[in-house]
Visitor: 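So that we are looking at the same thing, I have put the structure below in structure tokens.
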Amino acid sequence: MFGILLFIVYILLGITLSHILFERKKPTVRLWLGIVFGIVGLMWSHVPFSFITGFSIGSHTCGLVLFIAIITAVGLAIRKKRGYFPNPLKDFKSTWLKGITASDRWMYIVLIIFMALAVILLSNHTLYEIDGGYYTGQATYGDMNFHLGIITSVAEQETFPPDYNIFPGAKLDYYFFCDSISSSLYKFGTSLRMAYILPMVAAFAAVFAGFWILADTILKSKKKSLLAFILFFLNGGLGTFYLLDKEKFHNIFYGYYCTPTNYRFKGDGETTIVWTNAIADMMLPQRATLFGWMASLAIFYLLYLAVFNRERENFLPAGILTGLSPMIQT
């Protein structure tokens, strides 16, 4: 319970920071960047203290205080510059409901559809219990074991930087913040399944929204943004028509490692069909890719504003976010 509360608090603080920095941007942009800032804040704020006290509840408490202090300092600096403190709670209707465009409404429709898919996949691919046994899908068959091991070991060993649980005594040579965010929730009493899924749900939303907002900013067309979104997240090809043969179609569901994304069989000659879907084979199993795309889309958006829209003040948050990203995904 406390882990879920901690996560919600960080998301709300991230949205507050986003509103302070980007008060003049439309609500969808502020909400999206707020989710990104909140997740990155939870990943990083405890680090200075974890070096001293280990990966502990105490270091996370100090990290939360530090994150609040940073947001307060940024707010005071903005107030000095603008003459007032941007308050995200002031006049909710004018702050969060005005400025929503037709493209934003399209984005919300797309988000509902794709987030439903993401939640379903996360639910039935993560420690899915049937008759006393745990099940997963092919996409997460190996990756989830690796990530779950890191999540639990980081929380339980409390060493920071953590040791690699498979090779005790050796430092974990992996960009582990995609997992340590779940370790934080797990540390505060959240179930392992919920600690695994909850940050990924938020990251999925941030990636989908971030891609749409970046595409809409560059292309300036909701139809072009929709096409770009579909081409990127429903990537693949028409090769699936080759699999409509009765025997091949049967193997998709019952053959081992014979999904349309990775289908190897022999007929008259050796035939191989392999393509990687962005959602099923990357965002779902590869947590570092998911959180890495979340951060990089925000960086690209801020850089685009700074370079092409001459909004030079965006170089600083883009630079800070870039500096924090290598431990999320190289």
Visitor: Give the minimum heavy-atom separation between Met294 and Ala206, together with the two atoms involved.
Guide: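 It is CG-CB, 3.6 Å.
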
Visitor: If you round to the nearest 0.5 Å, how far is CE of Met200 from CE of Met283?
Guide: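 Nearest 0.5 Å value for the CE-CE distance: 8.5 Å.
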
Visitor: Does atom NZ of Lys171 have more than 12 heavy-atom neighbours, drawn from other residues, nucleotides or ligands, at distances under 6.0 Å?
Guide: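 Atom NZ in Lys171 is crowded, with more than 12 foreign heavy atoms closer than 6.0 Å.
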
Visitor: Determine whether Ile8 and Ile35 fall in the same hydrophobic cluster, where Ile, Leu, Val, Met, Phe, Trp and Tyr are linked whenever their side-chain heavy atoms lie under 4.5 Å apart.
Guide: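 Yes, one cluster joins them.
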
Visitor: Nearest 0.5 Å, what's the CG-CD1 distance between Asp104 and Ile109?
Guide: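 That separation rounds to 11.5 Å.
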
Visitor: Just verifying a value: how many Å separate Lys26 NZ and Ser103 OG, rounded to the nearest 0.5 Å?
Guide: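 It is 5.5 Å, given to the nearest 0.5 Å.
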
Visitor: So if you build clusters from Ile, Leu, Val, Met, Phe, Trp, Tyr with side-chain heavy-atom gaps below 4.5 Å, do Met282 and Leu234 land together?
Guide: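 Linked, Met282 and Leu234 end up in one cluster.
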
Visitor: Any luck finding a side-chain donor-acceptor pair between Asp143 and Thr140 under 3.5 Å?
Guide: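 Side chains of Asp143 and Thr140: no pair found under 3.5 Å.
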
Visitor: Checking ring pair (Phe, Tyr, Trp, His ring centres under 6.0 Å) against Phe114, which of Trp212, Phe204, Phe232, Phe229 comes through?
Guide: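 Exactly one candidate clears the test, Phe229.
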
Visitor: Counting only heavy atoms from other residues, nucleotides and ligands, does the tally under 6.0 Å from CZ of Phe2 exceed 12?
Guide: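 It does not: Phe2 CZ has 12 such atoms or fewer within range.
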
Visitor: Working note: Ser182 + Asp179, criterion side chain to side chain donor-acceptor pair (under 3.5 Å); need CA distance, chi angles, decisive distance, verdict.
Guide: CA-CA 5 Å; Ser182 292; Asp179 289 325; 5.9 Å; no

Visitor: More than 12 foreign heavy atoms under 6.0 Å from OH of Tyr128: is that the case here?
Guide: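 No - once you tally the heavy atoms of other residues, nucleotides and ligands closer than 6.0 Å, there are 12 at most.
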
Visitor: Please check: side-chain N/O of Thr53 versus main-chain N/O of Ser50, any donor-acceptor pairing under 3.5 Å?
Guide: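 No, Thr53 side chain to Ser50 backbone: no donor-acceptor pair under 3.5 Å.
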
Visitor: Between Leu185 and Ile4, does a side-chain contact (heavy atoms from CB on, under 4.5 Å) hold up when you go through it step by step?
Guide: CA-CA 7 Å; Leu185 273 61; Ile4 296 174; 5.5 Å; no

Visitor: For Phe49 together with His60, are the ring centres under 6.0 Å from each other?
Guide: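 Ring-ring flag for His60/Phe49: false, centres at least 6.0 Å apart.
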
Visitor: If every non-hydrogen atom of Ile197 is compared with every non-hydrogen atom of Leu122, which pair is closest and at what distance?
Guide: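 Where Ile197 meets Leu122 most closely, the heavy atoms are CD1-O, 3.7 Å.
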
Visitor: Say whether Leu127 and Tyr135 are linked into one hydrophobic cluster, either directly or through other cluster members, by side-chain heavy-atom distances under 4.5 angstrom.
Guide: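 As far as the 4.5 Å side-chain criterion goes, Tyr135 and Leu127 are not connected within one cluster.
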
Visitor: Walk me through it: do Phe177 and Phe291 pass the test ring pair (Phe, Tyr, Trp, His ring centres under 6.0 Å)?
Guide: CA-CA 9 Å; Phe177 279 13; Phe291 288 99; over 10 Å; no

Visitor: Check for me whether Arg287 meets the cation-pi criterion with Phe146, that is, NZ or CZ under 6.0 Å from the six-membered ring centre and within 45 degrees of the ring axis.
Guide: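 No, a cation-pi geometry is absent between Arg287 and Phe146.
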
Visitor: More than 12 foreign heavy atoms under 6.0 Å from OH of Tyr141: is that the case here?
Guide: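 Incorrect, the count does not exceed 12.
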
Visitor: Is any side-chain heavy atom of Pro27 closer than 4.5 Å to one of His19?
Guide: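 No, their side chains stay 4.5 Å or more apart.
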
Visitor: Could you walk me through whether Tyr174 and Tyr164 pass the ring pair (Phe, Tyr, Trp, His ring centres under 6.0 Å) test, one step at a time?
Guide: CA-CA 9 Å; Tyr174 181 74; Tyr164 188 20; 8.6 Å; no

Visitor: Do other residues, nucleotides or ligands put more than 12 heavy atoms under 6.0 Å from the CE atom of Met194?
Guide: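 Counting other residues, nucleotides and ligands, CE of Met194 stays at 12 neighbours or fewer.
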
Visitor: State, to 0.1 Å, how close Ala288 and Tyr175 come at their nearest heavy-atom pair, and which atoms those are.
Guide: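 Closest approach of Ala288 to Tyr175: CB-CE1, 3.3 Å.
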
Visitor: Taking C-beta and beyond as the side chain, do Phe308 and Ile218 meet within less than 4.5 Å on heavy atoms?
Guide: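 With C-beta onward as the side chain, the pair stays apart.
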
Visitor: Where does the angle between the aromatic ring planes of Phe160 and Phe51 fall among parallel (under 30°), tilted (30 to 60°) and perpendicular (over 60°)?
Guide: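 Aromatic pair Phe160/Phe51 classed perpendicular.
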
Visitor: How many angstroms lie between CG in Leu42 and OG in Ser180, if you round to the nearest 0.5 Å?
Guide: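 Leu42 CG to Ser180 OG: 8.0 Å, rounded to 0.5 Å.
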
Visitor: Do you know the tightest heavy-atom contact between Ser45 and Leu66?
Guide: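 It is O-CD2, 3.8 Å.
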
Visitor: Let me check something: do Ile166 and Phe176 share a hydrophobic cluster, defined by ILVMFWY side-chain heavy atoms less than 4.5 Å apart, either directly or through other members?
Guide: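 Yes, Ile166 connects to Phe176 through the hydrophobic network.
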
Visitor: Measure centre to centre between the rings of Phe208 and Phe233, then say whether the value is under 6.0 Å.
Guide: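 Distance test on ring centres: under 6.0 Å, yes.
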
Visitor: Report yes if some heavy atom in the side chain of Lys187 is under 4.5 Å from a heavy atom in the side chain of Glu158; otherwise report no.
Guide: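 Yes, their side chains come closer than 4.5 Å.
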
Visitor: Once rounded to the nearest 0.5 Å, what's the spacing between atom CG of Leu6 and atom OG1 of Thr190?
Guide: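 Nearest 0.5 Å value for the CG-OG1 distance: 8.5 Å.
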
Visitor: Which one of Phe22, Phe211, Trp32 satisfies the ring pair (Phe, Tyr, Trp, His ring centres under 6.0 Å) criterion with Tyr301?
Guide: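 The single option meeting the ring pair (Phe, Tyr, Trp, His ring centres under 6.0 Å) with Tyr301 is Trp32.
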
Visitor: Following the transitive rule for hydrophobic clusters with a side-chain heavy-atom cut-off under 4.5 Å over Ile, Leu, Val, Met, Phe, Trp and Tyr, establish whether Leu117 and Val201 coincide in one cluster.
Guide: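 Yes, Leu117 connects to Val201 through the hydrophobic network.
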
Visitor: Testing the basics here: between Ser225 and Leu219, what is the closest heavy-atom pair and its distance to 0.1 Å?
Guide: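 Taking every non-hydrogen atom into account, N-CD1, 4.0 Å.
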
Visitor: For the side chain of Ser18 and the backbone of Ile15, is there at least one donor-acceptor N/O pair under 3.5 Å apart?
Guide: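 A pair under 3.5 Å: no.
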
Visitor: Mind checking whether Thr136 and Thr126 have side chains closer than 4.5 Å, heavy atoms only?
Guide: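 The answer is no; the side chains never approach within 4.5 Å.
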
Visitor: Once rounded to the nearest 0.5 Å, what's the spacing between atom CZ of Arg79 and atom CD1 of Ile20?
Guide: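 One gets 11.0 Å once the value is rounded to the nearest 0.5 Å.
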
Visitor: Quick check: do Leu297 and Val36 have side-chain heavy atoms less than 4.5 Å from each other?
Guide: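 No - every pair of side-chain heavy atoms lies 4.5 Å or more apart.
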
Visitor: Looking at Glu23 and Arg82, does any basic side-chain N land under 4.0 Å from a carboxylate oxygen?
Guide: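 Arg82 and Glu23: salt-bridged.
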
Visitor: Quick one, Gln157 and Phe55 - any side-chain contact, counting heavy atoms below 4.5 Å?
Guide: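 No - every pair of side-chain heavy atoms lies 4.5 Å or more apart.
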
Visitor: Got a sec: does the OH of Tyr304 have more than 12 other heavy atoms crowding it under 6.0 Å?
Guide: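 For Tyr304, atom OH is crowded (more than 12 foreign heavy atoms under 6.0 Å).
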
Visitor: Between Glu311 and Lys25, is there a salt bridge with N-O shorter than 4.0 Å?
Guide: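 Looking at Lys25 and Glu311, the cut-off is met.
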
Visitor: Would you say NZ of Lys98 has more than 12 non-hydrogen atoms from neighbouring residues, nucleotides or ligands within 6.0 angstrom?
Guide: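 No.
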
Visitor: For the residue pair Glu156 and Tyr186, establish whether any side-chain heavy-atom pair is separated by less than 4.5 Å.
Guide: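 Side-chain contact under 4.5 Å: yes.
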
Visitor: Check step by step if side-chain contact (heavy atoms from CB on, under 4.5 Å) holds for Ile57 and Phe188.
Guide: CA-CA 7 Å; Ile57 291 177; Phe188 277 79; 3.8 Å; yes

Visitor: Report the C-alpha distance between Asp163 and Leu172 in whole Å, list the side-chain angles of each, state the deciding distance to 0.1 Å, and finish with yes or no for side-chain contact (heavy atoms from CB on, under 4.5 Å).
Guide: CA-CA 5 Å; Asp163 289 344; Leu172 178 56; over 6 Å; no

Visitor: Could you check whether any side-chain heavy atom of Phe315 comes within less than 4.5 Å of a side-chain heavy atom of Leu302, counting everything from C-beta outward?
Guide: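 No; the side chains remain at least 4.5 Å from each other.
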
Visitor: Ser325 and Ile299: which non-hydrogen atoms are nearest, and at how many Å?
Guide: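 The answer is OG-CD1, 3.6 Å.
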
Visitor: CG of Asn145: more than 12 outside heavy atoms within 6.0 angstrom?
Guide: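 Enclosed.
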
